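Here's the structure, in structure tokens; my notes come after.
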Amino acid sequence: MKPMSVKAALAGHDLVGQKVTVQGWVRTRRDSKAGLSFIHISDGSCQDPIQVVAQSSLSNYANEVQKLTTGCSVIAEGTLVASQGKGQSFEIQADSVTVVGWVEDPEHYPVQPKAHTMEYLREIAHLRPRTNTFGAIARIRNTAAQAIHRFFHEQGFVWVNTPIITTSDAEGAGQMFRVSTLDLNNLPRTDKGSIDFSKDFFGKESFLTVSGQLNVEAYCLALSKVYTFGPTFRAENSNTTRHLAEFWMIEPEIAFANLADDANLAEAFLKYVFRAVLSERADDLKFCAERIEKTALSRLEALVDQPFERIDYGEAIRLLQSSGKQFEYPIAWGSDLQTEHERYLTEEKIGRPVIVMNYPADIKAFYMRMNDDGKTVAAMDVLAPGIGEIIGGSQREERLSVLEDRMRHHKLDLGAYQWYLDFRRYGTVPHSGFGLGFERLIVYITGLGNIRDAIPYPRAPHLASF
RNA sequence: UCCCGUGUAGCUCAGCCGGUAGAGCAGGUGGCUGUUAACCACCGGGUCGGGGGUUCGAGUCCCUCCGCGGGAGCCA
């Protein structure tokens with residue numbers, strides 16, 4: 001008989017009375033006083049396991065079924081029936097339970113049917129997807145990723161795969177991982193004694209990308225609406241709940257668009273993804289609300305229906321100064337917003353996502369468009385309650401001479417950026433975009449306390465196991 | 001990188017003012033008329049993160065290293 005998913009079996013009112021086959025892994029086994037066993041089987045297709053009722057009349061009842069422990073893989077065949085017990089609507093009255101794989105040494109099987117700490121599960125990243133928590137996270141992550149592609153596709157965006165390896169330490173967005181095939185024990189040297197990178201694989205220094213933005217701008221200024229969605233690397237020694245050394249980033253870029261267009265896109269984008277997760281993964285969000293963070297579900301529901309607040313950076317400063325709050329870091333025009341400031345604005349003062357716009361030029365990147373006041377740039381951050389900055393974006397400087405001045409001011413080597421400046425020489429247009437850390441989005445949706453649980457195999461300083 | 005905390009059974013933890021270790025869960029055995037993190041009884045299970053020091057004696061106090069967590073900086 002053709003096996004079906006647990007999800008299909010649990011959903012199938014039409015299947016009652018029919019023979020079904022499910023295959024998966026044992027979550028728990030309980031033996032009843034009546035001489036029968038209840039086996040909860042999960043196959044990852046949904047949050048709930050299905051209950052298989054195994055009678056003692058099964059030929060392998062005593063020598064196999066009663067020895068099943070958490071983690072064993074089984075195939076169960078039987079009749080789908082309305083459950084006689086409470087707690088589930090349907091269950092399978094088993095004709096047979098076939099053990100596919102045993103758990104050796106069950107006492108030491110790392111995933112036990114009990115509440116584990118997230119810290120412990122992080123140490124067994126290869127087994128944690130078997131828990132209901134990481135099953136839920138994996139399904140939510142997939143749903144969010146699919147929704148992101150769907151949102152852009154429906155709006156006519158083109159997904160552009162920007163390079164992982166780059167030879168410009170361009171973006172200046174942080175420390176980069178070096179990519180090299182040189183023999184570290186026998187480095188080639190130039191006459192002056194420095195390392196001779198002309199002997200390296202690419203003939204020059206190369207690194208893992210910290211952002212696809214500069215590359216994707218080229219495609220924006222030809223295809224109008226584009227985005228990246230791929231892995232990104234930062235070699236910073238950040239030990240926080242919000243940083244990874246390897247993460248996935250989404251960077252849309254739109255032509256003929258200013259900062260307001262950018263902010264509108266960011267808001268529509270977030271709401272689309274949240275709605276998709278709400279409708280497609282209601283079971284997992286409910287689980288998140290029960291077991292991870294109480295407001296996981298209600299927060300998303302409230303968010304999709306209310307407009308994001310938009311305020312100017314200057315206004316944000318005034319709000320902070322008049323808050324009456326004692327901040328650890330003093331607030332003044334020209335300083336960047338600290339975590340405590342962001343949290344006050346979005347959590348206390350406004351109580352919902354807020355888009356802060358037009359930051360002082362001195363604290364923002366060289367490619368952001370200079371405003372007419374000559375002091376601020378057309379940059380925006382989307383701040384969300386509970387996590388802080390979730391999106392950072394800007395209108396790009398499209399005027400060649402202004403951009404060159406900004407680059408000189410940032411002491412960048414203009415020679416290395418000629419290809420980037422070409423966009424401003426040949427048919428330049430105003431354009432805008434933003435960057436979103438995918439794992440931060442997952443953290444926000446699920447209510448997770450640590451970004452290392454939002455990606456299957458986290459990479460961070462001193463952490464690259466599995 | 002800085003600050004704070006933490007490391008005891010397979011897992012989660014308790015262990016007072018220093019006197020060589022306990023519980024729950026998990027596992028094993030037996031019992032129990034459909035269970036929902038089942039229940040009851042019994043059993044096995046520990047170089048108390050590593051090293052050094054103080055002391056008659058260290059899981060406990062001190063130093064140090066390592067791991068982990070939280071916060072900060074930086075950012076997505």
Side-chain angles (χ1 to χ4, degrees), chain A residues 27-40 48-56 66-67 69-71 81 83-88 91 93 103-124 127 131-132 171-175 210-213 228 231-251 291 328-329 336-340 342-343 363-365 381-384 387-393 434-444 449-455 460-463 465:
Chain A
R27 275 285 163 75
T28 59
R29 187 202 84 235
R30 291 181 299 278
D31 299 325
S32 158
K33 310 167 204 172
L36 69 167
S37 293
F38 301 94
I39 309 162
H40 277 180
D48 290 327
I50 193 163
Q51 175 159 283
V52 172
V53 184
Q55 303 286 347
S56 58
Q66 285 199 298
K67 290 186 166 58
T69 58
T70 301
V81 298
S83 179
Q84 297 171 34
K86 292 170 184 169
Q88 60 280 318
E91 65 189 18
Q93 282 287 346
V103 166
E104 70 174 49
D105 195 8
E107 186 185 357
H108 291 89
Y109 179 56
V111 184
Q112 298 177 1
K114 56 167 291 187
H116 288 294
T117 61
M118 299 298 269
E119 293 78 23
Y120 168 69
L121 292 171
R122 228 168 273 155
E123 294 169 8
I124 51 165
L127 295 173
T131 64
N132 41 23
E171 300 82 4
Q175 292 291 109
V210 293
S211 166
Q213 182 201 314
T228 72
T232 310
F233 307 88
R234 302 277 168 90
E236 251 132 32
N237 190 14
S238 295
N239 291 287
T240 79
T241 55
R242 300 182 301 284
H243 290 85
L244 291 167
E246 175 184 288
F247 63 100
W248 288 63
M249 189 149 69
I250 299 120
E251 297 166 295
R291 301 286 279 275
E328 186 182 345
Y329 291 86
D336 208 355
L337 298 181
Q338 303 294 319
T339 302
E340 57 178 345
E342 295 179 349
R343 294 186 68 117
I363 58 172
K364 288 295 182 182
D381 284 348
V382 180
L383 312 178
I387 188 164
E389 181 184 336
I390 192 167
I391 281 179
F434 63 79
L436 166 80
F438 186 49
E439 285 74 22
R440 287 194 178 175
L441 184 71
I442 301 305
V443 164
Y444 185 70
N450 194 315
I451 201 167
R452 297 177 185 191
D453 302 321
I455 190 169
H462 295 287
L463 181 68
S465 304

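For clarity, every value in this text was computed on a predicted model and none was experimentally measured. In what follows, chains carry the letters A, B, and so on, assigned in the order in which the sequence lines appear, proteins first and then strands, with residues in each chain numbered from 1.
Evaluation of atom-type donor-acceptor distances gives a pair under 3.5 Å for the side chain of A:Ser238 against the base of B:rC74. Under 3.5 Å, the side chain of A:Glu119 and the base of B:rG69 form no donor-acceptor pair of N or O atoms. For A:His243 against B:rC75, a side-chain-to-base donor-acceptor contact under 3.5 Å is present. Between the side chain of A:Asp31 and the base of B:rU35, no donor-acceptor pair under 3.5 Å is found. Between the side chain of A:Gln93 and the base of B:rG34, a donor-acceptor pair under 3.5 Å is found.
If A:Gln55 and A:Asn237 are placed on RNA chain B by their nearest nucleotide, the residue sitting closer to the 5' end is A:Asn237. Each of A:Tyr120 and A:Thr28 was assigned the nucleotide of RNA chain B with the nearest heavy atom; the assignment lying further toward the 5' end belongs to A:Tyr120.
Between the CG atom of A:Leu121 and the C1' atom of B:rC11 there is a distance of 10 Å, given to the nearest Å. Atom pair A:Leu337:CG and B:rC75:P shows a separation of 12 Å (rounding to whole Å applied). Distance, A:Asp105 CG to B:rG45 C1': 11 Å, rounded to whole Å. Distance A:His40 NE2 to B:rA38 C1': 11 Å, rounded to the nearest Å. If you measure from atom NE2 of A:His462 to atom P of B:rC65, you get 14 Å, rounded to the nearest angstrom. Rounded to whole Å, the distance from CZ on A:Arg27 to C1' on B:rA37 is 13 Å. Computed from coordinates, the A:Gln51 CD to B:rU36 C1' distance equals 7 Å when rounded to whole Å. Per the geometry, OH belonging to A:Tyr329 stands 11 Å off C1' belonging to B:rC74, to the nearest Å.
Remark: the backbone N or O of A:Tyr329 is paired with a side-chain donor or acceptor of A:Glu340 at under 3.5 angstrom. Between the side chain of A:Glu389 and the main chain of A:Asp381, no donor-acceptor pair closer than 3.5 Å is present. Using modelled atom types, no side-chain atom of A:Glu246 and backbone atom of A:Phe233 make a donor-acceptor pair closer than 3.5 Å. Although no hydrogens or angles enter the test, the distance criterion places no donor-acceptor pair under 3.5 Å between the side chain of A:Ser32 and the main chain of A:Ser37.
B:rG70 sits 15 Å from B:rU12 when the P atoms are compared, rounded to a whole Å. Atom C1' of B:rG22 sits at a distance of 15 Å from the matching atom of B:rC16, rounded to the whole Å. Distance noted for atom C1' between B:rG71 and B:rC11: 27 Å (whole Å). Remark: the separation of the C1' atoms in B:rC68 and B:rG50 is 15 Å, to the nearest Å. Nucleotides B:rA38 and B:rC25 have their P atoms positioned 11 Å apart, rounded to a whole Å. B:rG7 and B:rG59 have their C1' atoms separated by 11 Å, given to the nearest Å. Going from the C1' atom of B:rG53 to that of B:rG44 covers 37 Å, rounded to whole Å. Separating the C1' atom of B:rG30 from that of B:rC56 is a span of 48 Å, rounded to the nearest Å.
Here the side chain of A:Glu91 is nearest to one of B:rG34, B:rG73, B:rG69, namely B:rG34. Closest to the A:Thr117 side chain, of the nucleotides B:rG70, B:rU12, B:rA72, is B:rU12. Of the listed nucleotides (B:rA72, B:rC11, B:rG34), B:rC11 has the atom at the smallest distance from the side chain of A:His116. Picking from B:rU35, B:rG67, B:rG73 the nucleotide with the shortest atom distance to the side chain of A:Phe38 gives B:rU35. The A:Asp336 side chain lies nearest to B:rC75 when the options are B:rC75, B:rU12, B:rA38. Comparing atom distances between the A:Arg452 side chain and each of B:rA72, B:rG69, B:rC74 picks out B:rG69 as nearest.
Using a 4.0 Å heavy-atom cutoff across all strands shown, A:Tyr444 reaches no nucleic acid atom at all. Contact annotation for A:Thr232: no contact, since no heavy-atom pair falls under 4.0 Å across all strands. Among the atoms of the strands shown, base atoms are found under 4.0 Å from some heavy atom of A:Gly85.
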Handout entry: For RNA chain B, the dot-bracket pattern of Watson-Crick and G-U pairs whose distances stay under 3.5 Å, | for other-strand partners
Key = (((((((..((((.....[..)))).(((((.......))))).....(((((..]....))))))))))))....

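Contact record, A:Thr70 with A:Thr28: OG1-CA, 4.5 Å, taken as the closest heavy-atom pair. Here the shortest heavy-atom pairing between A:Glu107 and A:Gln112 reads O-NE2, 3.6 Å.
By the 6.0 Å contact criterion, CZ on A:Arg30 is enclosed, its count of non-hydrogen atoms from other residues, nucleotides or ligands being greater than 12.
Between A:Arg122 and B:rG69, a side-chain N or O to OP1/OP2 separation shorter than 4.0 Å is present. Not one side-chain nitrogen or oxygen of A:Gln88 sits closer than 4.0 Å to the OP1 or OP2 atom of B:rG34. Listed pair A:Ser32 / B:rU35 fails the phosphate criterion, with no side-chain N or O lying under 4.0 Å from OP1 or OP2. A:Arg30 has no side-chain polar atom (N or O) that falls below the 4.0 Å cut-off from OP1 or OP2 of B:rU35.
Note that CD of A:Glu439 and CG of A:Leu244 are 6.0 Å apart. Values are rounded to the nearest 0.5 Å.
For A:Asp48, the side chain to side chain contact (heavy atoms under 4.5 Å, CB included) test picks out A:Leu10, with sequence neighbours left out. Applying the side chain to side chain contact (heavy atoms under 4.5 Å, CB included) test to A:Thr339 and every residue at least two apart in sequence or in another chain returns A:Arg242, A:Arg343. The side chain to side chain contact (heavy atoms under 4.5 Å, CB included) test applied to A:Asn450 returns A:Arg122, A:Thr241, A:Arg452, A:Asp453, not counting sequence neighbours. For A:Tyr120, the side chain to side chain contact (heavy atoms under 4.5 Å, CB included) test picks out A:Pro110, A:His116, A:Thr117, A:Glu123, A:Ile124, with sequence neighbours left out.
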Could you go over nucleotides 21-30 of chain B and give all protein N or O partners under 3.5 Å, atom names and distances?
residue, atom, partner, partner atom, Å
B:rG24, N2, A:Lys114, NZ, 3.1

Exercise for the section: Could you check A:Gln213 against A:Met249 for side-chain contact (heavy atoms from CB on, under 4.5 Å), going step by step and ending with a plain yes or no? Expected result: CA-CA 10 Å; A:Gln213 182 201 314; A:Met249 189 149 69; over 6 Å; no

